Protein chains: 4
Amino acid sequence: MAIKKTSKEEILNKAINLFKTQGFNHTSMANIADECGLIKGSIYHHFKNKDEIGLEALKYISEYFDKNIFSIKDETLLTKEKLKKIVKKTDEYFLNSNGGCLLANLATEVSNQNEAYKTVIIDYFKTWEDCLAKILEEKYPKNEAQDLAYEYICSLQGSIIMFNLTNNKKRLLKIGKNLLTKV
Amino acid sequence: MAIKKTSKEEILNKAINLFKTQGFNHTSMANIADECGLIKGSIYHHFKNKDEIGLEALKYISEYFDKNIFSIKDETLLTKEKLKKIVKKTDEYFLNSNGGCLLANLATEVSNQNEAYKTVIIDYFKTWEDCLAKILEEKYPKNEAQDLAYEYICSLQGSIIMFNLTNNKKRLLKIGKNLLTKV
Amino acid sequence: MAIKKTSKEEILNKAINLFKTQGFNHTSMANIADECGLIKGSIYHHFKNKDEIGLEALKYISEYFDKNIFSIKDETLLTKEKLKKIVKKTDEYFLNSNGGCLLANLATEVSNQNEAYKTVIIDYFKTWEDCLAKILEEKYPKNEAQDLAYEYICSLQGSIIMFNLTNNKKRLLKIGKNLLTKV
Amino acid sequence: MAIKKTSKEEILNKAINLFKTQGFNHTSMANIADECGLIKGSIYHHFKNKDEIGLEALKYISEYFDKNIFSIKDETLLTKEKLKKIVKKTDEYFLNSNGGCLLANLATEVSNQNEAYKTVIIDYFKTWEDCLAKILEEKYPKNEAQDLAYEYICSLQGSIIMFNLTNNKKRLLKIGKNLLTKV
DNA sequence: GATGAATGAGCGTTCATTCAT
DNA sequence: TATGAATGAACGCTCATTCAT
């Protein structure tokens, strides 16, 4: 025994998948452990408790967006090209994200009971909005840019819920296309 | 003993509130019973099991929308007036609905594991979309009307998630206003 | 199922026995349940948690002493007779109390971590001391009476520890005899 | 790696403190390791298992008493002086012993389940009693000397329990003073 | 219809212990 | 020797559910 069988990141990835498809409260430590080929007690070698897994899961995804998507706003591209790139990467992410957006899911399922979660989630959506607004400001006044950004994120989040129910890809992609018509 | 202390509807209402604010899986039969002044065993005189409460909760809300909001489409009013009335009632409902939209919440939390839930939820959103589309068709071609309806519902659902996080009423109301500019 | 199989008092008595012979921390809810012919979850119908069982166990014994032993101080008997009666009942109790004095045991095992326990335990020993002191005051000045009472209780408690190790009844009884030579 | 960070004796001392203040069963291997700046697995390089730590802890204290206190009986001093010296050292030990007498504590908490522990504990108290009896025999007949020794130890042990509850030093010291009045 | 007592499975967590590195 | 990762059993506790009263 005592051979290294897993890593913090692997556990996190398996947990994220389970949280998205089964919900946070319906995912047990045993479920996560199973998925990693461990027994549930072993998870505690890597995480203090279940809440910590949830919090680190939220931060993990949040950081993924920061690094891979939101950072595009600072690239030297034409307005339209920047937005196109962001929309493309965002669409790709959610089309392949079985179970939707973890941040939004946990916003509805647990953020009422967990202030630390709530803070990360609010921060994620604010950063997203600011990222898009900054690009849109190249063509729109500040307020309008912010509103457009907000409305896009809302429609996308609503659309992800619908995509989960109906699996209609076209409709999901339409939200991004709509945004691109604005620049 | 054997005094009637409660009704099915009362239990349902208390359960709906708990499901919305705490999530379905995090709400126990004991929580629901407590809220009704009963002990948990007594709930089973009214509902077969917890899943039935969830299902009837979804249907209860769905029927509320059918009767009180979606039916407006058949009233004899000008296009704009009809839409105005629907938006007003919808906004009122969600502004006062602590914890957001139960249908959308359960769509993310449990619909993956419960086909009966999923069916009701899909039907609810379809009916909603058709209701709006029917009105918008008075001014738009069929496809466009359907798209506008879908996009409004998506933005509203996304906006409800944000409202739950930030409590910003103005932004929630903006979604409806946006729709009304379209007619 | 659902037939009444036990009572709060029965659970308490079984728990007391286990706490005394195995220690509080080494007695599991499953141990207590086993002893009562229940499964561990069922215990929670009668007690909120394990700490409550411990606290009620302490109070239960404390009240037994109040009612059956300490109350003797108010009976209309000669000083010597009162003391004799108390010593006799006390000796009987501890000779048949497998595992010693729960109050003293929990004083060493858990009172450091549980203020509520500590309070009950301190109160028990104070009441005991005051009871004996009141009787001894009939023959001794106040201070001396209090000291004699205290020393008796200490020797008895020490003696109970030894009795648990060696099972020497005579030595346990000697402590009471000693006290009686004082009046 | 493989640097010597600790010694058996250091672990033992930390463990003794924890056993006395938290109880044996409530002290985990991780608690002990923490206190030593190790991780729990490392403890097993020094001790076979937790029971061995407990047993060696008991022996360690027992030997301390043998060497530093019980040995006084063989010094060339007047009876009263010998007793005085023993009482002084004993009082000092227990006044500074956070959590009381480990031997007595484990006598109540675990000796019922562990014969090896029980043997060491019984032996400790027997040696103590014999030590005092031998000195008292210089002034008293054998039986009486043994009884006085036994009663002193019992009162002291009971008094240590009370000291832990009330922190009243004076009362603890009174037990020793009492003994000294006897010679 | 309501209650109180029970059940068995499962929860998140901690435990003592093992062992390759 | 020390470490980090693992194990399996047990912990206290909660769950949805059942049913005689």
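Computed from a predicted model, the values in this text were never measured in an experiment.
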Quick one: which protein N/O atoms are closer than 3.5 Å to N/O atoms of nucleotides 8-11 of chain E? Pair and distance per line, please.
from   : atom 1 : to      : atom 2 : distance (Å)
E/dC11 : OP1    : A/Ser28 : OG     : 3.3

Practice task
Take D/Asn49 and C/Ile11, find for each the nucleotide of DNA chain E with the closest heavy atom, and name the residue whose nucleotide sits nearer the 5' end.
Solution key: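 Between the two, 5'-proximity favours C/Ile11.
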Practice task
Please tell me which of C/Gly37 and A/Asp51 maps to the more 5' nucleotide of DNA chain E, matching each residue to the nucleotide holding its nearest heavy atom.
Solution key: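 That would be C/Gly37.
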Who passes side-chain hydrogen bond (donor to acceptor under 3.5 Å, both in side chains) against [X], sequence neighbours left out?
X       : answer
A/Asn31 : A/Ser28
B/Asn17 : none
A/Thr6  : A/Glu10
A/Ser97 : A/Lys20

Rounded to whole Å, how long is the line connecting atom [atom1] of [X] with atom [atom2] of [N]?
X       : N      : atom1 : atom2 : result
B/Glu9  : E/dG1  : CD    : P     : 17 Å
A/Ile43 : F/dG8  : CD1   : C1'   : 15 Å
C/Asp34 : F/dA10 : CG    : P     : 12 Å
D/Tyr44 : E/dC15 : OH    : P     : 11 Å
B/Glu10 : E/dG1  : CD    : P     : 15 Å
D/Lys48 : E/dT17 : NZ    : P     : 9 Å

Practice task
Determine: side-chain N/O of D/His45 to OP1/OP2 of F/dT1, distance under 4.0 Å, yes or no.
Solution key: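 Checking D/His45 against F/dT1: no side-chain N or O falls below 4.0 Å of OP1 or OP2.
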Handout entry: Side-chain N or O of A/His46 closer than 4.0 Å to phosphate OP1/OP2 of F/dG4
Key =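 Looking at the OP1 and OP2 atoms of F/dG4, neither is under 4.0 Å from any side-chain N or O of A/His46.
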Exercise for the section: List for me each residue that meets ring pair (Phe, Tyr, Trp, His ring centres under 6.0 Å) alongside B/Tyr64, sequence neighbours excluded, and say none if there are none. Expected result: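 By the ring pair (Phe, Tyr, Trp, His ring centres under 6.0 Å) rule, B/Tyr64 matches B/Tyr93.
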Exercise for the section: For B/Phe47, check ring pair (Phe, Tyr, Trp, His ring centres under 6.0 Å) against everything at least two apart and list the hits. Expected result: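 In terms of ring pair (Phe, Tyr, Trp, His ring centres under 6.0 Å), with neighbours along the sequence ignored, B/Phe47 is linked to no residue.
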Practice task
State, to 0.1 Å, how close B/Met29 and B/Ile43 come at their nearest heavy-atom pair, and which atoms those are.
Solution key: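 Minimum heavy-atom separation between B/Met29 and B/Ile43: CE-CG2, 3.7 Å.
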Practice task
Just jot down the salt bridge (charged side-chain N to carboxylate O under 4.0 Å, His left out) partners of C/Glu56, sequence neighbours excluded, or say none.
Solution key: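 With neighbours one apart ignored, the set is C/Lys8.
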Practice task
Give the dot-bracket string for DNA chain F, reading 5' to 3', where a pair is Watson-Crick or G-U wobble with both distances under 3.5 Å, ( ) marks pairs inside the strand, [ ] marks pairs crossing earlier ones, | marks a partner on another strand, and . marks unpaired.
Solution key: .||||||||||||||||||||
Handout entry: Geometric class of the D/Phe19/D/Phe24 ring pair [parallel <30°, tilted 30-60°, perpendicular >60°]
Key =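 It falls in the tilted class, 30° to 60°.
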Handout entry: Nucleotide nearest C/Leu38 (side chain, heavy atoms from C-beta), chosen from F/dT18, E/dT18, E/dT7
Key =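 Of the options given, the side chain of C/Leu38 lies nearest E/dT7.
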